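Structure, as structure tokens:
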2 protein chains.
Amino acid sequence: MKINKITSAQVAKLAGVSQSAVSRVFTPGASVSIKTTKKVKEAALSLGYRPNSIARAMVSGKSRMIGVVVAYLENQFYPEALERLSNCLQEKGYHVLIFMAGKDRQSIDNVIEEILDYQVDGIIAASVSMSSGLSERCRAAGVPMVLFNRAQDDPNMSAITSDNIEGGKKIAKFLISSGHKKISYIAGWEGASTQRDREAGFISILNDAGLSLHSRKVGNFVFEDSREATRSMFFNNTPEAVFVANDHMAFAVMDTLRYELGLKIPDDVSVVGYDDVPAASWPSYLLTTVQQPVNIMVRETVEILIEKIENPEARPQKIKVDGPLILRKSAKIHKGN
Amino acid sequence: MKINKITSAQVAKLAGVSQSAVSRVFTPGASVSIKTTKKVKEAALSLGYRPNSIARAMVSGKSRMIGVVVAYLENQFYPEALERLSNCLQEKGYHVLIFMAGKDRQSIDNVIEEILDYQVDGIIAASVSMSSGLSERCRAAGVPMVLFNRAQDDPNMSAITSDNIEGGKKIAKFLISSGHKKISYIAGWEGASTQRDREAGFISILNDAGLSLHSRKVGNFVFEDSREATRSMFFNNTPEAVFVANDHMAFAVMDTLRYELGLKIPDDVSVVGYDDVPAASWPSYLLTTVQQPVNIMVRETVEILIEKIENPEARPQKIKVDGPLILRKSAKIHKGN
DNA sequence: AATACATTTGCAAGCGTATGCAATATTTAT
DNA sequence: ATAAATATTGCATACGCTTGCAAATGTATT
């Protein structure tokens with residue numbers, strides 16, 4: 001088994017040109033005549049030559065790799081986002097170096113250092129919050145970073161989210177207008193900006209209408225936690241409607257309501273989620289939810305990151321993408337009289 | 001904004017040693033005295049130095065990156081596998097360069113070339129089948145590859161799967177022993193070895209018992225296709241039990257049966273899936289299914305790949321991991337009399 | 001104290017490519 | 001046909017690191 005490491009020098013020899021010529025043929029925008037281009041391409045093809053990305057990264061300082069940090073893939077929202085991110089980046093000639101982060105700070109710190117070691121051109125952090133020390137570290141290393149689906153106060157950090165406050169408001173308005181009075185909330189992990197914003201928007205409208213939260217429990221974005229939250233929330237003084245901070249938890253809530261507590265959705269309780277993951281439209285759930293427009297969010301994320309890579313002076317941006325409320329069957333539309 | 005590129009040379013100067021000494025301090029197993037180690041570590045820390053992985057890869061020829069090719073992340077089985085793969089590899093000091101492949105050959109070919117450009121030390125192909133030309137290409141490049149959850153006849157290709165034939169058999173035995181006679185099958189994408197093996201095992205036992213498939217439709221591993229398959233399968237001559245080639249499709253089948261066709265599961269029909277993804281245990285489904293032991297499969301995959309990286313002479317292996325049948329509520333256990 | 005032996009160190013040569021610069025070839029204008 | 005401007009080419013260097021080799025230092029043995 002002989003291993004085949006073709007270098008530009010070998011191609012050059014075969015084509016009867018200099019190594020630089022070969023390099024230039026594979027460098028868009030470089031100055032080469034059509035004649036040499038042709039000779040080189042032929043030689044390259046016959047030897048099976050392709051430029052070595054690592055060597056390229058070494059000298060140019062650009063690896064064309066983007067580090068993507070993800071915390072957990074169980075919530076369907078993230079695989080979908082990851083798939084789109086990867087595709088979108090691939091189209092622009094970048095590739096994804098993926099890292100799983102634990103929840104704790106330490107783990108994230110380590111992960112970022114490892115990412116930096118690979119000289120990535122940029123970092124996308126999905127559903128992860130950054131210590132300001134870390135973002136400082138990235139800035140010092142000259143590696144731009146953008147947050148996906150998490151916002152941060154830090155003014156030099158770009159972040160793309162859906163408009164979670166507005167989304168929370170939409171849900172509150174919808175629930176109120178369809179006649180619900182006793183309205184509860186099941187929260188996600190309290191450290192997440194998405195959680196806080198959704199709740200804040202939701203409550204602000206409740207308050208405007210002279211209502212306040214009927215009850216509140218925490219599901220931590222975790223399936224089992226949300227089941228437990230549901231049990232204790234419905235132990236007595238049952239609400240008429242529950243807004244659950246994301247779809248993934250909403251499924252747990254619906255399942256518990258139906259199969260453990262014997263309640264009908266939406267006749268006995270209305271349930272609303274957030275995200276519009278694929279399963280939200282499965283017949284078992286038909287979940288009324290606010291859609292996070294993944295494709296738009298991804299496109300914006302990639303655009304902002306690349307802009308920042310190409311022009312380090314680019315100002316950081318916070319983008320909020322508006323998402324529609326998708327009406328399905330898990331929440332009553334008009335409260336009967 | 002000044003960018004901070006600390007090199008080993010700078011550390012060396014500060015520590016008053018040679019650049020090689022610095023390199024050795026960061027190379028496990030190299031010969032350095034404790035004294036210089038200490039000096040260098042201090043200097044490195046104060047400057048914030050970390051070795052540049054790209055430069056390292058360049059000279060050593062080992063990038064410590066593994067290319068992972070995935071076709072689609074919608075089926076929950078894959079995000080889970082990906083997460084575990086990434087973690088397992090991270091533990092061993094490798095990192096994952098991820099690539100999304102389209103279904104078509106061309107797209108996969110391109111993707112593999114791109115992966116190879118990055119000088120990865122190995123490739124894991126999940127749920128993707130390889131043309132023999134491609135595997136030849138990787139072998140020529142000296143990059144070992146292992147297939148995850150797909151088998152291939154090619155004898156020099158390592159592959160890890162669950163024992164799909166055995167799994168199919170288990171399901172058939174179970175369905176027969178619980179009294180079902182009219183037994184149908186909804187197939188996955190016909191190009192997949194997993195699909196073929198599950199079906200083959202399943203049918204072999206049916207035949208042994210003097211039964212044959214009552215009906216058969218194709219769901220292609222796709223949710224909507226599986227709904228359509230269900231409709232046409234249940235249009236008339238309804239089966240008593242259906243084995244669906246994976247859980248993801250089984251959810252579609254169950255939903256269609258219940259909410260469109262008004263059938264009770266398992267009273268009117270038994271449904272069995274394959275994979276045991278998280279949602280299989282959600283109260284809405286409680287799906288009886290064969291578990292694919294992801295963690296074992298992942299561990300084996302990583303082990304075999306690394307073995308092959310460290311010792312290129314290592315023989316290719318085909319591993320089949322046995323998985324248990326998980327009994328839940330979607331299939332009747334004893335057929336009434 | 002002198003020898004043999006093991007450990008630690010620095011030197012220098014790459015790894016495969018991109019690119020500034022000077023030299024050469026080609027085109028255009030006069 | 002000649003000068004001037006432009007396009008193409010090769011040379012040589014640099015990117016940040018690892019590693020073989022020989023020199024230098026340290027330790028054990030007699």
Side-chain angles (χ1 to χ4, degrees), chain A residues 3-41 43-44 47-65 93 116-121 141-143, chain B residues 3-41 43-44 47-65 93 116-121 141-143:
Chain A
I3 288 175
N4 227 8
K5 286 280 175 203
I6 308 297
T7 71
S8 55
Q10 301 176 41
V11 177
K13 186 150 53 142
L14 179 59
V17 297
S18 72
Q19 180 269 324
S20 338
V22 177
S23 170
R24 284 192 253 260
V25 168
F26 289 94
T27 306
S31 162
V32 235
S33 67
I34 359 177
K35 199 165 25 162
T36 43
T37 301
K38 190 160 155 291
K39 282 192 293 184
V40 168
K41 286 233 160 134
L47 293 178
Y49 169 78
R50 305 194 104 223
N52 178 328
S53 300
I54 295 285
R56 211 166 226 197
M58 166 106 235
V59 45
S60 69
K62 316 263 82 190
S63 65
R64 302 204 71 88
M65 295 193 295
L116 258 20
D117 292 348
Y118 275 93
Q119 315 296 114
V120 295
D121 294 344
V143 179
Chain B
I3 288 173
N4 228 7
K5 287 280 176 204
I6 308 295
T7 71
S8 55
Q10 300 175 41
V11 177
K13 187 151 53 144
L14 180 58
V17 297
S18 74
Q19 181 269 326
S20 339
V22 177
S23 171
R24 285 191 252 260
V25 168
F26 288 94
T27 307
S31 162
V32 234
S33 67
I34 356 178
K35 198 163 30 159
T36 44
T37 301
K38 190 159 156 292
K39 280 192 295 184
V40 168
K41 286 232 159 135
L47 293 178
Y49 169 78
R50 306 195 103 223
N52 178 328
S53 299
I54 295 285
R56 208 168 230 195
M58 168 105 234
V59 44
S60 69
K62 316 263 83 190
S63 65
R64 302 204 71 87
M65 295 193 295
L116 258 19
D117 292 347
Y118 275 94
Q119 314 298 112
V120 295
D121 293 345
V143 179

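Protein chains get the first letters and strands the later ones, always in sequence-line order, with residue 1 at the start of each. Keep in mind the model is a prediction, meaning the values are calculated, not measured.
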### Query
End-to-end bend of the helix from C/dA1-D/dT30 to C/dT30-D/dA1 (five-pair axes, 10° rounding)?
20°
### Rounded distance (nearest 0.5 Å) linking atom CE of B/M65 with atom CD of B/Q119
8.5 Å
### Summary
From NZ of B/K38 across to P of C/dT9 the rounded distance in Å is 14 Å
### Message
Would you compute the distance between atom CZ of A/R24 and atom OG of A/S33 and round it to the nearest 0.5 angstrom?
### Response
11.0 Å
### Query
Which one of B/I54, B/V120, B/L116, B/D117 satisfies the side chain to side chain contact (heavy atoms under 4.5 Å, CB included) criterion with A/S53?
B/D117
### Task
Rounded to the nearest 0.5 Å, what's the gap from NZ on A/K38 to NZ on A/K35? Could you check?
10.5 Å
### Query
Can you tell me how far the OG atom of B/S8 sits from the CZ atom of B/R56, to the nearest 0.5 Å?
10.0 Å
### Message
Tell me the interatomic distance from B/Y118, atom OH, to C/dT17, atom P, rounded to whole angstroms.
### Response
14 Å
### Query
Roughly how many Å is it from NZ in A/K62 to P in C/dT19, rounded to a whole number?
12 Å
### Message
How many whole angstroms separate atom CD1 of B/I34 from atom C1' of D/dG26?
### Response
13 Å
### Message
Without decimals, in angstroms, what is the distance between A/D117 CG and D/dG16 C1'?
### Response
13 Å
### Nearest-angstrom distance from the residue atom CZ of A/F26 to C1' of C/dT19
17 Å
#### Entry: Heavy-atom protein contacts under 4.0 Å, nucleotides 10-16 of chain C, coded B base, S sugar-phosphate only, - none
BBB-BBB
### Task
Apply salt bridge (Lys or Arg N to Asp or Glu O under 4.0 Å) to B/K62 and list each qualifying residue two or more places apart in sequence or on a separate chain.
none
### Task
Supply the atom-to-atom distance B/N52 CG to A/S63 OG, rounded to the nearest 0.5 angstrom.
9.5 Å
### Summary
Comparing nearest nucleotides in DNA chain C, the 5'-proximal residue of the pair A/S23, A/K35 is A/S23
### Query
Does A/T36 reach the side chain of A/K39, with side-chain heavy atoms less than 4.5 Å apart?
yes
